[in-house]
Amino acid sequence: MKYGSLAVAAVLGLSVGCTTVDDSLGLDLIPDNQKIELKIASFSDVAGTYVAMTDSIPTNYLGVALLGNRMSPTFGALQCSAILQYTGYPFTDEEIEDGGFGYRPVMDSLMLYLNVNYVSDKDDASKYDAGQRFNIYEVTDKIKNDSVYFQTYPAETVSDMSEPLFWFEWKGKGANYGFKLKTTARGETYMQKLVDAGTDVYANDTLFVDMFKGFYIAPDPASTKNGVVYNVNLLSSNTRMVACIHNYDKETLKVKDTLTKIYIFADTYVSSYDGSKGNYYNTSINKIVHDYTGTPIHGINDTVRGSATVNPVYVQGYCGVYTYLRIRQQFIDQVMALKTQDGTTYSNIVINNAKIVFPVDDRTVPAYNLALSRLGMMYDYTYSSLKWIPDYNIDAISNGSTIPYGGYLNRSHGAYEMDITVYVQRLIDNKPSAQRTIHLVPHLSQNLGQYGEVVIGGAGSAAGAPRIELIYTLVR
């Protein structure tokens with residue numbers, strides 16, 4: 001523990017401004033019991049550190065699809081796949097008069113267009129240029145749109161995995177992609193089923209999804225494991241499927257028209273392009289699989305009180321591992337001991353500012369580029385009861401408010417820094433709400449956004465253990 005004084009004094013009722021004159025004149029005449037002095041203290045080894053596996057994070061209706069494989073020597077293998085429902089735009093009145101797709105329609109091809117929010121490992125050309133094959137399987141069981149689905153959802157059990165309908169090759173790190181889907185025999189049959197569906201099916205998204213229950217898109221088992229994961233924006237108008245179709249003249253039986261049909265994957269209510277044909281509502285489910293075999297994380301899952309502490313510790317996005325802390329009684333005792341100084345025992349200690357600092361273990365540019373940009377601190381990190389510490393106010397953040405908490409990676413300092421003033425004050429005041437166990441997790445809006453991973457320094461690392469820095473006032 002380190003402590004000292006900022007040597008700042010103020011008089012109750014007197015506002016001391018920032019001027020060029022000597023404001024200290026007469027301060028020696030102020031009685032000691034009317035002086036408010038700010039003091040500083042720094043504490044290391046404030047908590048035991050542990051690592052646990054993320055459990056039960058909802059991954060449906062995110063507005064994104066996570067697709068791809070990546071590999072890390074520290075964080076192991078990650079595979080992301082997704083179930084995507086889709087709907088076709090209804091026919092116009094003119095098209096309905098012509099029977100929808102016309103006489104004896106044939107679907108010639110399907111184009112898949114994807115708009116990408118983020119690409120993992122975007123600075124590593126060996127990964128994003130490696131290329132991955134993705135298979136598109138038919139979902140055969142009904143997916144309920146009023147249920148909650150988690151990252152471990154067994155997508156294969158509701159899909160026909162015997163043979164994909166379509167497949168495509170994907171590489172790069174751009175924002176927009178277009179793929180002409182390669183078709184299997186089952187895919188040809190499926191395409192014909194799409195054009196044979198009546199106009200009433202296309203006019204009703206419920207009927208459509210009952211007939212076409214969706215796609216399961218997954219990396220091919222033989223595809224590279226050391227690629228990238230794409231975060232696809234399902235709500236973008238640039239994410240869609242376009243069918244190219246031709247039909248015939250009833251009299252001559254020659255090709256009459258060529259036309260296109262648009263299908264969308266948006267997993268929320270969105271209006272049709274012309275605003276006249278109603279809304280669409282699809283379900284998406286992301287499946288996320290982590291394999292830590294052969295890594296330092298393998299076998300670690302500290303969920304019981306008797307678990308040994310871990311140094312260093314880890315935080316990973318995409319429902320990967322996270323760190324949790326147990327604040328030591330020793331820290332609380334040391335703070336309370338500050339009440340006695342220079343032979344005087346004060347009645348109370350007021351925390352003006354408390355900052356917790358988590359040093360980053362690897363301070364190289366590549367590690368910074370992969371690190372999560374912000375970390376959150378939670379009392380409870382389970383879906384059924386998400387609870388955050390008072391300083392990390394998710395409601396305020398969601399409403400666009402700026403709060404002192406911070407939590408961002410400071411590259412200059414090589415650390416994450418969080419303002420936890422309210423939490424520490426409640427802790428030393430022995431408030432029941434100030435729980436000793438805190439979960440250090442990806443900022444909630446980033447867990448399934450831009451992929452990130454970071455190693456936090458522990459007691460045995462060169463970076464140093466997490467520490468708490470205080471600015472406080474003693475009250476007589």
Side-chain angles (χ1 to χ4, degrees), residues 1 42-55 70-78 120-121 123-124 290-328 330-331 355-378 381 389 392 406-418 420 436-443 446-447 450-469:
M1 178 185 73
S42 179
F43 304 86
S44 59
D45 196 27
V46 295
T49 51
Y50 308 85
V51 173
M53 304 296 170
T54 301
D55 183 35
R70 75 175 301 275
M71 182 75 74
S72 161
T74 301
F75 288 87
L78 168 63
S120 74
D121 307 275
D123 298 316
D124 190 340
H290 292 272
D291 183 357
Y292 298 102
T293 303
T295 73
I297 300 173
H298 181 63
I300 300 176
N301 191 17
D302 302 304
T303 57
V304 296
R305 187 162 293 279
S307 300
T309 58
V310 177
N311 292 304
V313 287
Y314 312 89
V315 184
Q316 182 183 22
Y318 288 15
C319 305
V321 292
Y322 68 93
T323 290
Y324 68 95
L325 320 170
R326 290 198 183 107
I327 303 297
R328 301 186 193 279
Q330 172 188 330
F331 164 69
K355 179 172 68 176
I356 190 165
V357 179
F358 294 97
V360 174
D361 194 64
D362 186 348
R363 301 181 184 181
T364 62
V365 171
Y368 281 154
N369 290 344
L370 268 176
L372 292 150
S373 62
R374 193 180 194 186
L375 298 180
M377 300 182 75
M378 310 287 293
Y381 191 48
I389 69 169
Y392 181 56
Y408 296 99
L409 173 62
N410 187 324
R411 294 194 180 201
S412 299
H413 296 171
Y416 293 89
E417 301 174 349
M418 294 81 159
I420 56 170
R436 297 283 188 92
T437 299
I438 301 177
H439 303 266
L440 185 66
V441 302
H443 179 51
Q446 296 180 345
N447 182 28
Q450 172 67 60
Y451 175 79
E453 59 185 36
V454 66
V455 182
I456 302 294
S461 75
R467 66 184 186 273
I468 293 179
E469 299 172 354

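Please read all numbers here as calculations on a predicted model, not as lab measurements. For this chain, numbers begin at 1 and follow the sequence in order.
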Any [X] side-chain heavy atom under 4.5 Å of [Y] side chain:
X: I389; Y: I420; answer: yes
X: D362; Y: V454; answer: no
X: V313; Y: V51; answer: yes
X: L409; Y: S373; answer: no
X: I456; Y: D361; answer: no

* Asked: Is there a side chain to side chain contact (heavy atoms under 4.5 Å, CB included) between V360 and H413 once you walk through the steps?
  -> CA-CA 9 Å; V360 174; H413 296 171; over 6 Å; no
[X] side chain to [Y] backbone, donor-acceptor under 3.5 Å:
X: R374; Y: G406; answer: yes
X: T49; Y: V310; answer: yes
X: D121; Y: D124; answer: no
X: N447; Y: Y318; answer: yes
X: Y408; Y: L375; answer: no
X: T437; Y: R326; answer: no

* Please step through side chain to side chain contact (heavy atoms under 4.5 Å, CB included) for the pair E469 and V357, ending with a clear verdict. => CA-CA 8 Å; E469 299 172 354; V357 179; 4.2 Å; yes
Return the orientation label for the [X] and [Y] ring planes: parallel under 30°, perpendicular over 60°, tilted otherwise.
X: Y322; Y: Y324; answer: tilted
X: Y392; Y: H443; answer: perpendicular
X: F43; Y: F331; answer: perpendicular

* Asked: How would you list, by chain and number, every residue that makes a side chain to side chain contact (heavy atoms under 4.5 Å, CB included) with A77, sequence neighbours excluded?
  ->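 Expected list: M71, D291.
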Specify the closest pair of heavy atoms between [X] and [Y], including all atoms of both residues, with the distance to one decimal.
X: V455; Y: T74; value: CG2-CG2, 4.1 Å
X: P296; Y: P73; value: CD-O, 3.8 Å
X: Q450; Y: S120; value: NE2-CA, 4.1 Å
X: A371; Y: Y416; value: CB-OH, 3.6 Å
X: P442; Y: G317; value: CG-CA, 4.0 Å
X: P466; Y: G457; value: CD-O, 3.5 Å

If you measure from [atom1] on [X] to [atom2] on [Y], what distance do you get to the nearest 0.5 Å?
X: M418; Y: M377; atom1: CE; atom2: CE; value: 6.0 Å
X: T323; Y: I438; atom1: OG1; atom2: CD1; value: 12.5 Å
X: L440; Y: L372; atom1: CG; atom2: CG; value: 9.5 Å
X: Q316; Y: L78; atom1: CD; atom2: CG; value: 6.5 Å
X: L370; Y: S72; atom1: CG; atom2: OG; value: 7.5 Å
X: F75; Y: Y451; atom1: CZ; atom2: OH; value: 6.0 Å

* Measure from NZ or CZ of R363 to the centre of the six-membered ring of Y368 and say whether it is under 6.0 Å with the direction within 45° of the ring axis. =>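 No - R363 does not lie over the ring of Y368 by the 6.0 Å and 45° rule.
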* To do: Could you tell me whether E417 and R467 make a salt bridge, using a distance below 4.0 angstrom between a side-chain N and a carboxylate O?
  =>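 No, this pair does not count.
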* Could I get the full list of side-chain hydrogen bond (donor to acceptor under 3.5 Å, both in side chains) partners for S412, not counting sequence neighbours? =>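 With sequence neighbours excluded, S412 shows a side-chain hydrogen bond (donor to acceptor under 3.5 Å, both in side chains) to no residue whatsoever.
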